[in-house]
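Have a look at the structure below before the remarks.
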2 protein chains.
Amino acid sequence: MSSFDRPGDVFLADCPARLAVEVIADKWAVVTVYALGRGPRRHGELKALIGGISSKMLTQTLRRLQHHGLIQRHAFAEVPPRVEYSLTALGETLLEPVTMLSRWAEANADAVLEAQDRMGIS
Amino acid sequence: MSSFDRPGDVFLADCPARLAVEVIADKWAVVTVYALGRGPRRHGELKALIGGISSKMLTQTLRRLQHHGLIQRHAFAEVPPRVEYSLTALGETLLEPVTMLSRWAEANADAVLEAQDRMGIS
DNA sequence: CGGCATCCTAAACGATACTG
DNA sequence: CAGTATCGTTTAGGATGCCG
């Protein structure tokens, strides 16, 4: 089914792709996947790395990503406890488009900012 | 500044790219940009095309995208009134990563669904 | 037809405190 | 350290109705 360049609908209407959109249309989910792109990270590391996210949101995001099969949780039976998160094979595939997005963001952040104060602020 | 492959931070912390993330980390914004990818569309057309979105949300999303410089609004002085929306040059550049995302979604939607009922539902 | 205004409900999110 | 639980505030978002 490669109908994604015809006037039909992909990611529009109720196709299964729409569900996957819900995965990535989440600020923290995207950054988290991106942050895990360079290897396994612990809860605290992610929190520091991402910046601005609360423990609660991070855990919630991690659970959701795990639930979607994008990341793995690995808890070590140690004292003090250590828990590491890493991308699954599926999660790795998401890394590509997300990286493209980050490149876009990097390249066009100033253009967006410029557009913003050309319009809105008044 | 192409530091996006070093352990530093892109899209992490408070870099300008983070702002651009806010643009795309919006369910309706992404689909709307995608829907406008094939050419100018009217409010009603978009509403029907996207499916599941309310008039209010659509207008709100369009305003936000316009405010970010991604789309243009063109109102014709006719009766009954006609308003068309189209991507700006900046908006067109976003189309690429968004299309990649849609391809990913298409390709991996079932994998996500599978992961979901392998875990969560119990 | 496009879209703003209003109301109202549900969900997101942050802060804090507490457990293994 | 990792995580849960609870609370309170903010925001998202649907429904309806009115105006250009």
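Reminder, nothing fancy here: chain letters follow the sequence lines and each chain counts from 1.
- For A:Arg42 and D:dC1, the shortest distance from a side-chain N or O to OP1 or OP2 is not below 4.0 Å.
- For A:Lys47 and C:dC13, the NZ to P distance is 15 Å, given to the nearest whole Å.
- Counted within 6.0 Å of CD on B:Glu92, heavy atoms from surrounding residues, nucleotides or ligands total more than 12; the atom is thus considered enclosed.
- Residue A:Arg63 has a polar side-chain atom (N or O) positioned under 4.0 Å from OP1 or OP2 of D:dG3.
- The separation between A:Gln60 atom CD and D:dA2 atom C1' is 16 Å, rounded to whole Å.
- Residue B:Phe76 is out of contact with every strand shown, counting any heavy-atom pair closer than 4.0 Å.
- Remark: B:Arg82 is positioned above the aromatic ring of B:Phe76, its terminal NZ or CZ atom under 6.0 angstrom from the ring centre and at most 45 degrees off the axis.
- Residue contacts shown for B:Ser55 are absent, as no nucleic acid heavy atom lies under 4.0 Å away.
- Distances from the side chain of A:His43 to the nucleotides C:dG2, C:dG14, D:dA2 place D:dA2 closest.
- With rounding to whole Å, B:Met57 atom CE is found 5 Å from D:dG13 atom C1'.
- One interatomic measurement links the two molecules: NZ of A:Lys56 to C1' of C:dA12, which rounds to 8 Å at whole-angstrom precision.
- Straight-line distance from the CG atom of A:Leu58 to the C1' atom of D:dT4: 14 Å, rounded to whole Å.
- Both A:Pro81 and A:Arg64 sit near DNA chain C, but only A:Arg64 has its closest nucleotide nearer the 5' end.
- When rounded to the nearest whole Å, the span between CG of B:Leu62 and P of D:dG13 equals 14 Å.
- Summary of the strand contacts: A:Pro80 and A:Thr59 both lie near DNA chain D, and taking for each the nucleotide with the nearest heavy atom, the more 5' one is attributed to A:Pro80.
- Heavy-atom minimum distance, A:Ser102 versus A:Tyr34: OG-CE1, 3.6 Å.
- Atom P of nucleotide D:dG14 and atom CD1 of B:Ile53 are separated by 8 Å, given to the nearest angstrom.
- D:dT11 atom C1' lies 16 Å from atom NZ of B:Lys27, rounded to whole Å.
- Nearest heavy atoms, A:Thr88 versus A:Gln72: CG2-CG, 3.4 Å.
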B:His68 vs A:Gln116, side chain to side chain donor-acceptor pair (under 3.5 Å): CA-CA, chis, key distance, verdict: CA-CA 5 Å; B:His68 288 154; A:Gln116 279 179 353; 3.1 Å; yes

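- Across D:dG14, D:dG3, C:dG14, the shortest atom-to-atom separation from the side chain of A:Arg73 is found for D:dG3.
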